[in-house]
Protein chains: 2
Amino acid sequence: MRQPATIKDVAQHAGCGVASVSRVLNGSGPASAALRKRVLAAADELGFEFSEIGRSLQSSTTRTIGCVVPSLANPVYADAVQGAQETFQAQGYQTLLVCTSYNAELELNAIRTLMAKQVDGFVLTVSDALSSEGLKSIQRREIPHCLLFNMPPGNEESWSVDDRSAAKSVADAFHNAGHKHVGFLALKFKTSDRARQRYEGFVEGCAICKMQKPALLEINEDSQNLTELLQGFLTENPTLTGIFVSNDFLALATIRSARKLGLKVPSDLSIVGFDGIDVGTMVEPSLATIVTDPKMMGSGAAGTVLSIINGTSKPAQPDPEQSFSFRGGGSLAPPGAERTDGEKAATSSPSNNPTQKNAEIQPERST
Amino acid sequence: MRQPATIKDVAQHAGCGVASVSRVLNGSGPASAALRKRVLAAADELGFEFSEIGRSLQSSTTRTIGCVVPSLANPVYADAVQGAQETFQAQGYQTLLVCTSYNAELELNAIRTLMAKQVDGFVLTVSDALSSEGLKSIQRREIPHCLLFNMPPGNEESWSVDDRSAAKSVADAFHNAGHKHVGFLALKFKTSDRARQRYEGFVEGCAICKMQKPALLEINEDSQNLTELLQGFLTENPTLTGIFVSNDFLALATIRSARKLGLKVPSDLSIVGFDGIDVGTMVEPSLATIVTDPKMMGSGAAGTVLSIINGTSKPAQPDPEQSFSFRGGGSLAPPGAERTDGEKAATSSPSNNPTQKNAEIQPERST
DNA sequence: TATCAATATGGAAACGTTTCCATAAGGGGG
DNA sequence: CCCCCTTATGGAAACGTTTCCATATTGATA
């Protein structure tokens, strides 16, 4: 890797001072036509490009934003990051990405490193917004930031779904379908405060519907043995007829595991997910879920950070109550529904399902 | 945002010179126990962290890698980026992410900006490795880099599937299932040289199998009207019984569109995808496809870049011919197969499908 | 006790910018 | 013709590090 030309090289080449080169190339001050021409020629010949490092040192600004999410394997975060990155890019900001794998220690280290790199701001989804050391450091340094998918602990900026309300509406859906006892499956709460919020909302919703308190199964991020865990869970709670899984990605895996155990979905076990990822409409049976718009969330959070940096007005956020919608699907049906019926209903078209409250047309998305 | 303490502040606070602070905190030189204690105390009290900018300026190294991909909406790239990011992170490198939306101009600008930011290396998937201006700049500056999913134009480093061979095996699969005339659907070649490679291999494979030359449908990245385009394509080519779609993500969308047109998959139209994304095994019918391992590819490409930077030996790459495998699925069946048969076969279990050559157990993946 | 080596420490240069300030040159008005 | 104001230009400081070099201190050896 041979090193690039510096402003000094250009100055020497053009036979002038560095200040003049800076002025000409940035258009930031007067310069005679002759000088301008010489500088331009020299810069061109040397293939000169400004070093952002020198600039950053001088301006103490990097035009770089730290973006911290748990994982890109989950399409929700992938889409959110995509949205954020596009928004930043459009305003001339670069995105420094870190995936924390739901690991609080990694999260803290990553945030420290990004701070040392002097990012101008942060968009981040932390494990637990209340206890995150990384988040505290950011606050202490007063670095512009916006949470994403974390309900704000104080009066933080945040773009997030109202997890509790959404979870309540899932309880409603189960109740309407005739379920009496359902479960909740999620990542360990300490690795995801989203999961906890959803659980709390779900418990509350079940109570309102006079359903039994939901059984709880917490698993690890790296659980490769979901099938076994599910089996144990169902054995311990033999009256369960449905499970609310705290994200679609995990819900799909749960359906797969249920099948491995010889269970029919939804007749033996109904499943409802959370997120509304696109493929949920393509699986069989289609996945009943809470629909959200992660790309918009990411983009919004990015816009908020930029507005803090620039001191402009913040982008409008959708009403928290409207930030989600329930989408019915073949994976939720009355308990013990005739197997063939269930299948037929699901196979023909998801939108025929009687438990469906809100059938959305998903936009087509190609690669 | 209040500015952080600098090494000078620490020096002043500890009543010593900056050199000593640097030595103590980096453990890079001698220091008396007393001094060490004072410096540590001062640093702690001020909450001092080194500024990477100052360091970078001094060392002309940033410990940052540019990662350029078309889009995170496609799980293939999302997984690859995740793999790359993890590998970089493990070695203390940060990842500067750019999504180019398959846009060559954006690609070039992004690469220029990353170069100005002095990234130590690049992992990138470009639109067209032969013509990419950005790639040429990187080569000119001799910045360590590794292509990802691009077949190398010269003797570039690259982690990529052997698209041509893989596409040939798809032709085989169609032939074995009894198809005579099939089509190829992909993004416009100029936005994706992967698509072109796959097409060329597919044409060659079809020729070897004595099938008719495949019909070609190129679409734009932003095509929202896939259904219409598909309809036109099928009208123009009435003898088509199958389509090879150049990536799974698009293949799923194509199946959806085919259904909207009232076509049954696979009886009216067989579909084979490319990539082997996880959800392909969950959709109905399951998606016949070429299976690849994007996360491993991303991680491998990252390892290669790091080895170039450090002058260590490069990570071993899988044999190009083994870098993929064909996975049968319900979306590929003999043309005109009985509708109910096709459905039953697919519904019961993908691995029972007679056209399946290679049934892989996908690892469970939870969020 | 004088000398030498090793250790401890600080000053200053260098990295690549931007920007402030000073100087030089040119032109118009008194 | 001189002075002042504007325009053009370069020098140098500052940003936060690391590192080379010089100096000061210490302990041990002759």
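Letters A, B, ... are given to chains in the order of the sequence lines, protein chains preceding strands, and every chain is numbered from 1. Since we're looking at a predicted model, the values are computed, not measured.
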Discussion item. Under the criterion side chain to side chain donor-acceptor pair (under 3.5 Å), I'd like the reasoning laid out for A:Lys117 against A:Thr64: C-alpha separation, chi angles, the key distance, then a yes or no.
Written reply: CA-CA 9 Å; A:Lys117 286 222 158 111; A:Thr64 301; over 6 Å; no
Discussion item. Between B:Val126 and B:Glu107, does the side chain to side chain contact (heavy atoms under 4.5 Å, CB included) criterion hold? Intermediate values first, please.
Written reply: CA-CA 7 Å; B:Val126 296; B:Glu107 177 184 307; 3.3 Å; yes
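B:Thr87 and B:Ser299 form a side-chain donor-acceptor contact under 3.5 Å, judged by distance and modelled atom types alone.
Here A:Ile7 lies in heavy-atom contact (under 4.0 Å) with a base. Residue contacts shown for A:Ser22 include a base, since a base heavy atom lies under 4.0 Å away. Counting non-hydrogen atoms under 4.0 angstrom, A:Gly54 reaches a base of the nucleic acid. Among the protein residues, B:Ala31 comes within range of the sugar-phosphate backbone only, with heavy atoms under 4.0 Å from sugar or phosphate atoms but none that close to a base.
For DNA chain D, the neighbouring residues in residues 37-51 of chain B, judged by any heavy atom under 4.0 Å, are B:Phe48, B:Glu49, B:Phe50, B:Ser51.
The shortest distance between side-chain heavy atoms of B:Val68 and B:Thr125 does not fall below 4.5 Å. Side-chain contact between A:Thr62 and A:Glu52: absent, with no pair of heavy atoms (C-beta onward) separated by less than 4.5 Å.
On the nucleic acid side, DNA chain D contacts chain A at distances under 4.0 Å to non-hydrogen atoms, with the end points of that region at D:dA8 to D:dG16.
Between A:Tyr102 and A:Tyr77, the ring planes lie perpendicular to each other; the angle is over 60°, past the 30° to 60° tilted range.
For the side chain to side chain donor-acceptor pair (under 3.5 Å) criterion with B:His145, the lone passing option out of B:Glu156, B:Glu157, B:Gln139 is B:Glu156.
Where B:Ala34 and A:Ser20 meet DNA chain C, the nucleotide closest to each residue was compared, and B:Ala34 sits on the side nearer the 5' end.
Counting non-hydrogen atoms of neighbouring residues, nucleotides and ligands closer than 6.0 angstrom, the NZ atom of B:Lys190 reaches no more than 12 such neighbours.
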